[in-house]
Amino acid sequence: MSLQCYSAGLSAVKRGGRSPTAETRPDGRVEVSVVLPMLNEEEVVLRTYRRLKAVVEQLDVSYELLFVDDGSSDSTADTILEISLNDESVTGVFLSGHFGKEAALRAGLKYAAGRAIVTMDGDLQDPPERIPEMIRAWRAGADVVRMRRQSSTPDRHLDFMLYGPRAATVLSLVVNRQRYMKDVIAWAGLRETVITYERRPRAAGRSKWSVAQLLGFSRDGTKTLSNVCARILMLMGFLGFFAGLAYACYILIALTIRNDPASLDPLASAAPLLLGGGVLYFLGWLGEQMEQIAPPMRHPNFSIRVLARNGRMSAP
Ligand code: UDP
Ligand code: MG
């Protein structure tokens, strides 16, 4: 059964020989969900599943593996579907198109049933073997466990994380996780534990960041028309302000050299440049801030085509 068949209306799915259900808590709740976004990862998806499964099977907690297909054009979605139909501990979330990694993660977070949620890349760059340690840190009282890359100088990566129940609730309200999560952790008084890890090379396949995405032109990118306008305003403001500043300095230096401090009138002509530049820059900055929060208010971050959970396919 492929996703294509399902879309064609063949929704009656017969399950194959499934592996035993993941051990659940007495109240039926899943303790930990592991969410992985996947875009054209046919070379690695099965390998990721097997390695992850070997780790979570050893855990003394109930778990769920949640693979999100971000509109792959290769066989990734079909492989995820097959895994989800054969293993009840696996949930497949299939987006109706390519929405970008951040949106795929959001979709995964929406459907994750676990009290704690681990997010990680699907290409085995984030080693699944570190998950037990993350869970221990959560049990020791952390609300957020952030895995920091050993070799990276900027401390800004939020790929490999564990969100405890409090953090998961807060996270569901955050409009732009990449941009605001760190502020929110501090604001909400969440306890964060940072663990350093070694990021491995990709197990197979290629990085999914296209030139367009890197330039911010993807669906979850930031270079919309209004954002470009905001940037232009900021640039004009910046240039105006510094032109005014340079002019004012020039006049002051000229006056000092001529030793004529009485005549400061020309300074007045620098003032509009300084003020106008400052205001333009601020307007552009405001526009950019608004653009950060506007898209999720205009439309949802993602759209889901179908779900596969508990060994069955269903509408979202
Ligand atoms: N990914 C995705 N949608 C995208 C780009 C990436 O779902 O638009 C997934 C990708 O399949 C992988 C993870 O996000 O599991 C990280 O992507 P990638 O390895 O390309 O990023 P890099 O490690 O190069 O930063
Ligand atoms: Mg990668």
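Every number for a ligand or one of its atoms is a count from 1 in the order of the listing. Note: hydrogens, waters and symmetry copies are ignored here, and every other heavy atom, side chains too, is used.
The contact set between ligand 1 and Gly122, taken as ligand atoms under 4.0 Å from a residue heavy atom, comprises 12 (C), 15 (O). With ligand atoms numbered from 1 in the order given, ligand 1 contributes 19 (O), 23 (O) to contacts under 4.0 Å with heavy atoms of Gln125. Near Gly100, meaning under 4.0 Å from one of its heavy atoms, ligand 1 places the atoms 3 (N), 8 (O). Interface atoms of ligand 1 facing Lys208, defined by a heavy-atom separation under 4.0 Å, are 5 (C), 6 (C), 18 (P), 20 (O). Interface atoms of ligand 1 facing Met38, defined by a heavy-atom separation under 4.0 Å, are 7 (O), 11 (O). Every atom of ligand 1 with a heavy atom of Glu41 under 4.0 Å away is listed here by number and element: 10 (C), 11 (O), 12 (C), 15 (O). Near Arg202, meaning under 4.0 Å from any of its heavy atoms, are these atoms of ligand 1: 18 (P), 19 (O), 20 (O).
Between the CG atom in Leu95 and the CZ atom in Arg106 there is a gap of 13.0 Å [rounded to 0.5 Å]. Note that the CZ atom of Arg206 and the CG atom of Asp123 stand 13.0 Å from one another [nearest 0.5 Å].
Of the listed residues (Asp121, Asp159, Asp126, Asp70), the one carrying the non-hydrogen atom nearest atom 13 (C) of ligand 1 is Asp121.
Ile251 is not connected to Leu274 by any chain of hydrophobic side-chain contacts under 4.5 Å among Ile, Leu, Val, Met, Phe, Trp and Tyr, and they are in different clusters.
A salt bridge between Asp121 and Lys208 is absent, with no side-chain N of the basic residue lying under 4.0 Å from a carboxylate O of the acidic one.
Below 30°, between 30° and 60°, or above 60°: for Tyr247 and Tyr250 the angle between ring planes is below 30°, a parallel geometry.
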Requested in this report: Would you please test Lys53 and Ser89 for side-chain hydrogen bond (donor to acceptor under 3.5 Å, both in side chains) and show each step?
Outcome: CA-CA 9 Å; Lys53 185 79 185 174; Ser89 69; 2.9 Å; yes
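Under the 6.0 Å cut-off for aromatic ring centres, Tyr281 and Phe241 do not qualify, their centroids lying 6.0 Å or more apart.
Looking at heavy atoms from C-beta onward, Trp138 lies in side-chain contact with Glu31 at the 4.5 angstrom threshold.
For ligand 1, the polar-atom distance check finds an N/O of Leu39 within less than 3.5 Å of one of the ligand's N/O atoms.
Under 2.8 Å from the Mg ion (ligand 2) lies an N/O/S atom of Gln125, whether from backbone or side chain. Taking 2.8 Å as the criterion, Asp123 counts as a coordinating residue of the Mg ion (ligand 2), since one of its N, O or S atoms falls below it.
Residue contacts with ligand 1 include Arg199, since one or more of its heavy atoms lies under 4.0 Å from the ligand.
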